[in-house]
Amino acid sequence: MAKEEKRKKLPLLALRGIVVFPYVIVNLDVGRDKSVAALEEAMVHEHKIMLSAQKDAAVNDPGVDDIYEVGTVAEIRQLLKLPGGSMRVLVEGMYRAQITDINFGEKYNEAEIIEYKEDKQDDSINMEALTRGVVSQFEKWVKLSKKIPPETLVSVVMIEDGGHLCDLIASHMNMKLEDKQDLLSLIDITKRLEKLYAILTREMEILGIEQQISQRVHKQMEKIQKEYYLREQLKAIHKELGDRDGQRPEVDEYKIRMTKGKYPSRVMEVLAKEVARLERMSPASAETGVARSYIECLLDLPWNRTSKEKLNIDAARDIMEKDHYGLKKVKERILEYLAVRKLSNGKKAPVICLVGPPGVGKTSLASSIARAMGRKFVRASLGGLRDEAEIRGHRRTYVGSMPGRIINGIKTAESKNPVFLLDEIDKIAADFRGDPAAALLEVLDPEQNNTFSDHYVEIPFDLSQVFWIVTANNIARVPRPLRDRMEIITLESYTEEEKYQIAKQYLVNKQMEAAGLKKAQLQFMAGSLQKIIADYTRESGVRELERQIGAVCRKIAKKIIEEEKDKIRITAKNLEEFLGRAKYARNKAEKKAEVGVCTGLAWTEVGGDILPTEVTVLKGKGHLILTGQLGDVMQESAKAGLSYIRSRSEELGLDEQFYEKKDIHIHLPEGAIPKDGPSAGITMATAMISALTDKKVRSDLAMTGEITLRGRVLPIGGLKEKTLAAYREKIYTIILPQENEKDIEDIDEEVREKMTFIPVASMDEVLKYALVDE
Ligand code: ADP
């Protein structure tokens, strides 16, 4: 850039609050005497005047230091005298000039200046880039600020000369005076462009922030307005519905209950919050339902309510004796447990686990315990439970969510120290929805259960005073960690005699009462109850028996009313009239000795049962066919039996290649009941040998035992229950593994005396006793 330096003197016009750039035409209103005089002087000489801004617009008679050094030489285009002596002047900026000195005259001030006339611009790449950068920033700024009409923008961006462009942009923009003066002072065009670029960038940032703020404010305003509008609408709706200003009677009720009940402070806090929230809700919204259930649940829970415990061991013995026949050992164990618990103040006492088949009195024993202790009694069944949420509850975010079974039970008990029976703890299963057993462990653990947290309730509940009793059919299925916390008490199947006594002394009275019958109206004659037990039920406990007696009672009640009778007697003969045909054929075991038929003994969760086994030998190719829902272990046991027979074919008098031309079909009837386990090994082997050798098997005998390939007989489990099953079927001889001989003494004397037990160690012995010698 070439610079033309010329020293000159020109009248000086001090500007207040404005900077005039070269190439720019502006109107100035001039009032001060010295300024007017300066203008008049300029009109005499070439119409040129030096314009420079005052540093402080408030100063009236500026000195050297009050005026910026760099200003603009301008040409006066028009001069207009305004009334009152002031003037309006139209000037056009020409070029920059630097004031070197000021001569303060009487009439006007005169500036000594150096002129800087800008020459043709240099067209270096650097300059080009800067110019473009400035133009694009300026365009963006214009778009964002919307302060400049688009035509102006077009005329500005057409300018190619950087210096000129810079001055025009600066004059159009609404920036601080200091910034404008800075730009004017920069004689060097590159520096000037850079400075402008920086100013533009900063302005853009400021604009961006301004815009964000304005949007935020706008949104807030919108939300406030919307809420106001909705609330007004809601009020109108309440009015229309006749709700007293949106208030609801249940809210008042909740508040009363809150003051009346004894709630811990944490619960009060939550209740207050929830009730306040409920008040704010529209009564029609789905959410109110959720909020109300929650509030009611919190209000209903016995946070501080307990029943007064009175534990007297003698009284407990009386109650249990009165409610239950027999069960001598069980009752004794329970009393011992209660005594120990009383002495240790219930601290860290294990949980009672009652194990036994269905209907042997587990539930009713637990309820007797509750009665003896003066506690409430609740039960929850855990059968088929897979989801942890069944125990811990669902979070309230779920529609229809509820507390889990534990908290629900406590709510029903209306006391925080009930006897709580958890039924069928062996029937829980873990899956992807979490591990219910783990949750149960927490419930039963005295270290943790004082702050049990249900997902629904959310506030921890103290379960430490609950008296837990659990039941199971099969203790082996109870998860190990749970088992470790338990005092296991086993209940056995009842013998027929016991069932008869229970029916006579308890069930008949109970069921007659339930049917509304008086003592004199119904009498079970000799043999009738035994017939119900033998022909209408097949179970270890007395549940079905009770149901059948109940059915008889109801039929009798109806008959008494309809036929206006005083008394009806039930005999073994007229039983069919009330209960229909006998459900169970007496002889499940085959009566006659037959070929290929053998009676085994099974032990299931619901007690023992007999297991009739049939084998038929067919022409074929050596296949072993197994039917009747046999589990894997049982199938393997059958195969082991067959291999044993093959290895002993000679001794058994069989053709060595017998299996090549024959198929052997083993069938266990009552296929709907799954069967498994190794204990039918000797039964299946005996039936196969019988069918292959055509020798009959004794029908008055049953057997149980596992078989090895060498024909040894291995011990089995559940001998007691199996023996009872045989006894029920009137089979009084049992072949059992030698190693099980020691278990015989556990069996009830009544049964034991009637039985003949044949302990065996090998298959040869089994055959010796079981096959009929003809
Ligand atoms: P579980 O819980 O073991 O399945 P329950 O306790 O429900 O069995 O018993 C079923 C029914 O049999 C109940 O009515 C119970 O009172 C009755 N019961 C069971 N055992 C006896 C017993 N020893 N004496 C009197 N009643 C009994």
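In listed order, ligands and their atoms are each counted from 1. The shown structure was predicted, so the numbers you read here are calculated from the model rather than taken from an experiment.
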>> Taking atom CG as the centre, does Asp484 end up with more than 12 heavy-atom neighbours from other residues, nucleotides or ligands that are less than 6.0 angstrom away?
In response: yes

> Backbone or side chain, does any N or O of His324 fall under 3.5 Å from an N or O of ligand 1?
Replying inline: no

>> Looking only at protein heavy atoms, which one is nearest to atom 27 (C) of ligand 1, and what is the separation?
In response: Ile502 CG2, 3.8 Å

>> Please classify the Lys510 to ligand 1 contact at 4.0 Å (heavy-atom distances, strictly less than): side chain, backbone, both or neither.
In response: side chain

> So which bit of Arg543 gets within less than 4.0 Å of ligand 1, heavy atoms only: side chain, backbone, both or neither?
Replying inline: side chain

> ring-ring contact (aromatic ring centres under 6.0 Å, His included) between Tyr456 and Tyr294: does it pass, once the steps are laid out?
Replying inline: CA-CA 8 Å; Tyr456 180 84; Tyr294 183 55; 5.7 Å; yes

>> So, regarding Val360 and ligand 1 (criterion: nitrogen or oxygen to nitrogen or oxygen, under 3.5 Å), is there a contact or not?
In response: yes

> With sequence neighbours excluded, what pairs up with Phe461 under the ring pair (Phe, Tyr, Trp, His ring centres under 6.0 Å) test?
Replying inline: Trp303

> Do any N/O atoms on Lys362 end up under 3.5 angstrom from N/O atoms on ligand 1?
Replying inline: yes

> Under 4.0 Å from ligand 1, counting heavy atoms only, is it the side chain of Thr363, its backbone, both or neither?
Replying inline: both

> If we only count N/O pairs under 3.5 Å, is Gly359 in contact with ligand 1?
Replying inline: yes

> Are more than 12 heavy atoms from other residues, nucleotides or ligands located less than 6.0 Å from atom CZ of Arg477?
Replying inline: no

>> Applying a heavy-atom cut-off of 4.0 Å, say which part of Asp323 lies close to ligand 1: side chain, backbone, both or neither.
In response: backbone

>> One residue to check: Gln505. Relative to ligand 1, which of side chain, backbone, both or neither has a non-hydrogen atom less than 4.0 Å away?
In response: neither

> Is there a nitrogen or oxygen of Leu327 sitting under 3.5 Å from a nitrogen or oxygen of ligand 1?
Replying inline: no

>> Could you check whether any heavy atom of Gly541 sits closer than 4.0 Å to an atom of ligand 1, since that is the contact criterion I want to use?
In response: no

> Is any NZ, NE, NH1 or NH2 atom of the basic residue among Asp454 and Arg392 found under 4.0 Å from an Asp or Glu carboxylate oxygen of the other?
Replying inline: no

> For atom 24 (N) of ligand 1, what's the nearest protein heavy atom and its distance?
Replying inline: Tyr325 N, 2.9 Å

